[in-house]
Every structure is written in structure tokens, then in C-alpha cells.
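Here is the structure we will look at.
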Amino acid sequence: MLVIMKRFLVVLLTVFTSFSLVSCDPLDKKYNKEQYSEVMAEHADSASRSAFNRAMVDNEINDIRNEDFTYQELIDQGKTLQRKEQPGKSVAR
């Protein structure tokens, strides 16, 4: 019984550690004015970079601090704005 418990704990710790390491996505970190170009170039595709830039511009126009968001949140904001800007495109086909 003790051997089974030890193995279970080892497996549980291994799984926990794996998830901890996988969740260290650089895009989940807060926006940094000095490092954003490097982070985006290394970790985002062209569509995400475009959405990110769209959100940055919109936030500057509306006097919203980009530093209050993560890179992924800015990408998501930009994608939402891009979808709103395409009124003629139908979602359902």
C-alpha cells in the first residue's frame, strides 16, 4: 500500500511540474514597452502581431495604458476590434 501511495505521489508531482512548465507562456506576461517587439517577434504569428498592433493603436487613441494588459490580452483585444471592422463579412455560411 505504501509503495502505491509513493508512486501515486511521484506521478502527481510529475504531472503538476509539467503543467507548471507548460504554462510559462511569454504571451501571458504583462506588456513591457522595452521588450514587446522581441517578445512578439519570437512568440507570435503574423496575425497575432497584427491584432496586437491594432489594440496598441486603439488603446493609445483612447488613452488606455497598455501596461495594464498581458500580450495575449492585447492580441485578443485586437482580434475583437478587427472582427468589428469587417461588417460585410458573415460569420455563418
Side-chain angles (χ1 to χ4, degrees):
M1 184 70 163
L2 188 59
V3 173
I4 294 172
M5 289 299 288
K6 283 184 181 180
R7 286 184 182 172
F8 176 74
L9 285 175
V10 168
V11 169
L12 186 64
L13 287 173
T14 303
V15 169
F16 177 75
T17 304
S18 298
F19 280 120
S20 296
L21 293 174
V22 170
S23 66
C24 294
D25 185 4
L27 296 179
D28 289 332
K29 294 181 180 177
K30 288 284 186 181
Y31 166 80
N32 182 314
K33 193 176 202 175
E34 287 79 34
Q35 297 176 340
Y36 81 91
S37 60
E38 180 181 318
V39 171
M40 293 304 292
E42 292 178 9
H43 302 285
D45 60 16
S46 62
S48 293
R49 286 192 298 270
S50 175
F52 174 83
N53 291 331
R54 179 64 185 91
M56 296 269 298
V57 169
D58 191 68
N59 287 346
E60 287 181 24
I61 290 170
N62 293 306
D63 201 28
I64 298 172
R65 289 175 30 94
N66 289 313
E67 291 83 359
D68 293 337
F69 302 99
T70 66
Y71 294 101
Q72 189 61 54
E73 289 171 333
L74 290 166
I75 290 168
D76 294 341
Q77 286 177 18
K79 287 180 179 180
T80 299
L81 291 167
Q82 288 173 335
R83 280 193 297 271
K84 287 180 182 178
E85 292 171 351
Q86 299 175 349
K89 215 170 196 180
S90 175
V91 176
R93 291 183 184 209

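Small disclaimer: the values here were computed from a predicted structure and weren't measured.
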[X] and [Y]: which non-hydrogen atoms are nearest, and at how many Å?
X: Ile75; Y: Leu27; value: CD1-CD1, 4.2 Å
X: Ala55; Y: Gly78; value: CB-N, 3.6 Å
X: Asn66; Y: Tyr31; value: O-CB, 3.5 Å

(request) Not counting sequence neighbours, which residues clear side-chain hydrogen bond (donor to acceptor under 3.5 Å, both in side chains) with Asp63? List them please. (result) none

(message) The criterion is side-chain hydrogen bond (donor to acceptor under 3.5 Å, both in side chains); which residues satisfy it with Asn32, sequence neighbours excluded?
(response) none

(request) Would you sort out whether Asp25 and Gln72 count as a side-chain hydrogen bond (donor to acceptor under 3.5 Å, both in side chains), showing the intermediate values? (result) CA-CA 10 Å; Asp25 185 4; Gln72 189 61 54; over 6 Å; no

(message) Per the side-chain hydrogen bond (donor to acceptor under 3.5 Å, both in side chains) rule, what does the pair list look like for residues 33-53, sequence neighbours excluded?
(response) Asp45-Ser48, Ser50-Gln82

(message) What I'd like to find out is whether the side chain of Tyr71 reaches to under 4.5 Å of the side chain of Val39, using heavy atoms alone.
(response) yes

(request) Scan for salt bridge (charged side-chain N to carboxylate O under 4.0 Å, His left out) pairs involving residues 69-79, sequence neighbours excluded, and state none if there are none. (result)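 Qualifying pairs, neighbours excluded: none.
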
(message) If hydrophobic residues (ILVMFWY) are linked whenever their side-chain heavy atoms come closer than 4.5 Å, directly or via other members, who joins Leu81 in its cluster?
(response)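 Answer for Leu81: none, a lone residue.
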
(message) Who clusters with Ile61? Use side-chain heavy atoms, under 4.5 angstrom, across I, L, V, M, F, W and Y, and order the result by chain and number.
(response)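 Ile61 shares its hydrophobic cluster with Val57.
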
Quick check for you: to the nearest 0.5 Å, what is the distance between [X] atom [atom1] and [Y] atom [atom2]?
X: Asp68; Y: Asn59; atom1: CG; atom2: CG; answer: 9.0 Å
X: Gln77; Y: Asp58; atom1: CD; atom2: CG; answer: 8.0 Å
X: Lys29; Y: Thr70; atom1: NZ; atom2: OG1; answer: 12.0 Å

(request) Using atom types as modelled and distance alone, determine if a side-chain donor or acceptor of Lys30 lies under 3.5 Å from a backbone N or O of Glu67. (result) no

